[in-house]
Amino acid sequence: MDPGDGALAMARKLSAVKADALLDLHRNNRSKLLHLLVRGPRRRVVWSKRPFFDNLAVRLRLRPYRAAMTISERYHLAAERLAESALPRGEMKLWVSAAHQAEADAALAAAGVDLSRPIAALSPGGTAATKLWPIERFAELATRMAGSGAQVVITGSKGEGPLAQTIVAAVPAAKDLTGAFGIGVLAGVLTRSAVFAGNDSGPMHMARALGTPALAIFGSTDPRQFEFAGHAVLFAGVSCSPCSFFGRASCPEGHFRCMLDLDVERAWAALSPLLGG
């Protein structure tokens with residue numbers, strides 16, 4: 001997509017591809033519109049992320065969300081439906097280009113990070129308030145990371161700079177790299193990291209896909225949507241959680257126990273074996 005592209009522009013581009021098949025993994029209003037506008041594909045499969053009554057019940061707060069299968073499994077089933085046959089299952093991976101890796105190494109070196117010593121990456125941000133573990137707890141976790149000998153590097157968007165500064169105030173040696181680079185270079189930084197800790201967010205999924213041992217912290221969303229072999233996940237499992245598919249602006253119950261019940265001791269107990277490995 002180019003800057004400013006809307007549905008019509010995307011439909012023209014997709015129609016020009018003259019594809020044989022169309023697979024819609026979103027089934028939202030925008031993808032439905034594209035489905036109508038794109039010309040060419042004879043074979044079309046629209047995959048529903050969740051059953052209708054799951055969507056309705058969770059949005060009306062009638063019950064918490066319980067994922068029946070992982071997202072990767074759902075997407076694989078969609079691909080099998082498109083192919084009309086069973087397909088071998090692969091492994092989720094992310095590859096970093098040589099250029100992005102070189103840029104990441106340069107950014108780390110410029111920040112004073114020693115690439116020969118263990119790096120612990122922290123990503124304390126996220127897209128919704130109910131997906132954010134308290135920043136003071138991230139700061140305490142960073143203190144323990146630094147005490148174990150790891151170099152703490154904080155990543156995130158430019159707007160998450162204040163979160164990083166709270167951590168730096170507790171761990172002055174921590175490196176604030178928020179807003180310093182894009183996703184490709186972030187992947188290179190995570191590749192160099194011995195361990196990662198963050199909320200349910202894009203960087204957490206990138207760390208998993210790169211094989212960097214990750215501690216994933218979940219509050220209002222369901223960790224059962226993802227696979228965590230070789231990683232660690234924190235989830236309080238309070239009765240009202242997961243209350244959302246994507247996170248909320250505030251806790252609908254007013255207590256935020258899904259995050260506040262996750263203390264630093266519990267996080268460090270999950271993270272330290274990953275760092276030691």
Side-chain angles (χ1 to χ4, degrees), residues 26 28 49-50 54-55 57-61 63-67 70-72 74 92 120-142 153-167 176-179 183 186 190 193 195-210 212-228 231-264 266-268 270-271 274:
H26 290 281
N28 57 21
K49 288 184 176 180
R50 290 170 292 271
D54 269 3
N55 272 320
V58 175
R59 292 183 190 282
L60 293 178
R61 294 174 52 194
R63 62 173 175 79
Y65 177 55
R66 299 283 189 267
T70 64
I71 290 176
S72 59
R74 286 205 306 264
M92 183 181 71
L122 281 180
S123 185
T127 56
T130 56
K131 297 171 75 172
L132 302 182
W133 196 44
I135 190 59
E136 296 78 14
R137 299 186 185 185
F138 266 115
E140 188 175 341
L141 187 64
V153 170
I154 310 160
T155 68
S157 67
K158 184 178 181 180
E160 291 165 351
L163 298 176
Q165 286 306 304
T166 299
I167 297 174
D176 176 9
L177 297 181
T178 55
I183 290 176
L186 171 61
L190 295 178
S193 300
V195 73
F196 169 90
N199 301 307
D200 174 17
S201 61
M204 180 272 290
H205 296 302
M206 291 174 67
R208 291 190 305 127
L210 289 162
T212 300
L215 169 63
I217 304 172
F218 281 78
S220 61
T221 50
D222 191 359
R224 286 175 293 190
Q225 298 177 92
F226 313 108
E227 299 165 356
F228 289 101
H231 306 283
V233 59
L234 282 189
F235 180 63
V238 295
S239 60
C240 55
S241 178
C243 66
S244 169
F245 303 123
F246 310 111
R248 296 177 180 271
S250 62
C251 170
E253 300 296 330
H255 53 63
F256 201 33
R257 281 187 51 213
C258 62
M259 278 299 191
L260 296 181
D261 282 3
L262 301 174
D263 58 29
V264 177
R266 187 168 170 182
W268 181 245
L271 181 67
L274 301 180

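Residues: numbered from 1 along the sequence shown. Everything quoted here is computed from the prediction, not taken from an experiment.
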Visitor: Is the side chain of Arg208 donor-acceptor paired with the backbone N or O of His231 at a distance under 3.5 Å, no angle test?
Guide: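 No; judged by distance alone, with no hydrogens or angles, the pair does not exist.
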Visitor: Indicate yes or no for a side-chain donor-acceptor contact from Arg63 to the backbone of Ala57 under 3.5 Å, with no hydrogens or angles considered.
Guide: no
Visitor: Between atom OG1 of Thr70 and atom CZ of Phe228, what is the distance when rounded to the nearest 0.5 Å?
Guide: 10.5 Å
Visitor: Looking at Arg74 and Gln225, would you say the former's side chain and the latter's main chain have a donor-acceptor pair under 3.5 Å?
Guide: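 Not at all, since once roles are kept as given, no pair shorter than 3.5 Å links the two residues.
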Visitor: Which donor-acceptor pairs under 3.5 Å do side chains of residues 213-224 form with protein atoms, sequence neighbours excluded?
Guide:
{"unit_1": "Ser220", "atom_1": "OG", "unit_2": "Thr130", "atom_2": "O", "d": "3.4"}
{"unit_1": "Ser220", "atom_1": "OG", "unit_2": "Thr130", "atom_2": "OG1", "d": "2.8"}
{"unit_1": "Thr221", "atom_1": "OG1", "unit_2": "Asp200", "atom_2": "OD2", "d": "2.7"}
{"unit_1": "Asp222", "atom_1": "OD1", "unit_2": "Arg224", "atom_2": "N", "d": "3.0"}
{"unit_1": "Asp222", "atom_1": "OD1", "unit_2": "Arg224", "atom_2": "NE", "d": "3.2"}
{"unit_1": "Asp222", "atom_1": "OD2", "unit_2": "Ala67", "atom_2": "N", "d": "2.8"}

Visitor: Out of Thr155, Thr212, Leu190, which residue meets the side chain to side chain contact (heavy atoms under 4.5 Å, CB included) rule with Met206?
Guide: Leu190
Visitor: If you measure from CG on Leu260 to CZ on Arg137, what distance do you get to the nearest 0.5 Å?
Guide: 5.5 Å
Visitor: Checking Asn199 side chain against Ser201 main chain: does a donor-acceptor pair fall under 3.5 Å?
Guide: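 Checking the backbone N and O of Ser201 against the side chain of Asn199, no donor-acceptor pair under 3.5 Å is found.
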Visitor: If we only count heavy atoms from C-beta on, is the Pro64 to Ser241 side-chain gap below 4.5 Å?
Guide: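 No, too far: nothing below the 4.5 Å cut-off.
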Visitor: Please answer whether the main-chain N or O of Cys240 pairs with a side-chain N or O of Arg61 as donor and acceptor at a distance below 3.5 Å.
Guide: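 Between the backbone of Cys240 and the side chain of Arg61 there is no qualifying donor-acceptor contact (under 3.5 Å).
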Visitor: Of all heavy-atom pairs between Leu262 and Ala236, which one has the smallest distance, and what is that distance?
Guide: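 Reported closest heavy-atom pair: CD2-N, 3.7 Å.
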Visitor: Residues in side chain to side chain donor-acceptor pair (under 3.5 Å) with Ser157, at least two apart?
Guide: none
Visitor: Rounded to the nearest 0.5 Å, what separates atom CD in Glu136 from atom CG in Leu163?
Guide: 9.5 Å
Visitor: With Phe138, which residues qualify under ring-ring contact (aromatic ring centres under 6.0 Å, His included), at least two apart?
Guide: Trp133
Visitor: About how many Å separate CG of Leu177 and CG of Leu122, when rounded to the nearest 0.5 Å?
Guide: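 If we round to the nearest 0.5 Å, Leu122:CG and Leu177:CG are 11.5 Å apart.
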Visitor: Could you tell me whether the side chain of Lys131 reaches within less than 4.5 Å of the side chain of Phe246, counting heavy atoms only?
Guide: no
Visitor: Could you tell me which non-hydrogen atom of Gly126 sits nearest to which non-hydrogen atom of Leu132, and how far apart they are?
Guide: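 Looking at all heavy atoms of both residues, the closest pair is N-CD2, 3.3 Å.
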Visitor: With side chain to side chain contact (heavy atoms under 4.5 Å, CB included) as the criterion, how do Cys243 and Glu253 come out once you've worked through the C-alpha distance, each side chain's angles and the decisive distance to 0.1 Å?
Guide: CA-CA 10 Å; Cys243 66; Glu253 300 296 330; over 6 Å; no
Visitor: Can you measure from CD (Glu227) to CD1 (Ile71) and round to the nearest 0.5 angstrom?
Guide: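 That separation rounds to 10.5 Å.
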Visitor: Let me confirm one number: the CG-NE2 distance from Leu210 to His205, rounded to the nearest 0.5 Å.
Guide: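 The CG atom of Leu210 sits 13.0 Å away from the NE2 atom of His205.
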Visitor: Which atom names give the shortest non-hydrogen contact between Pro124 and Ile167, and what distance separates them?
Guide: CG-CD1, 4.0 Å
Visitor: Side chain of His26, backbone of Asn28: donor and acceptor closer than 3.5 Å?
Guide: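 Such a contact is absent between His26 side chain and Asn28 backbone.
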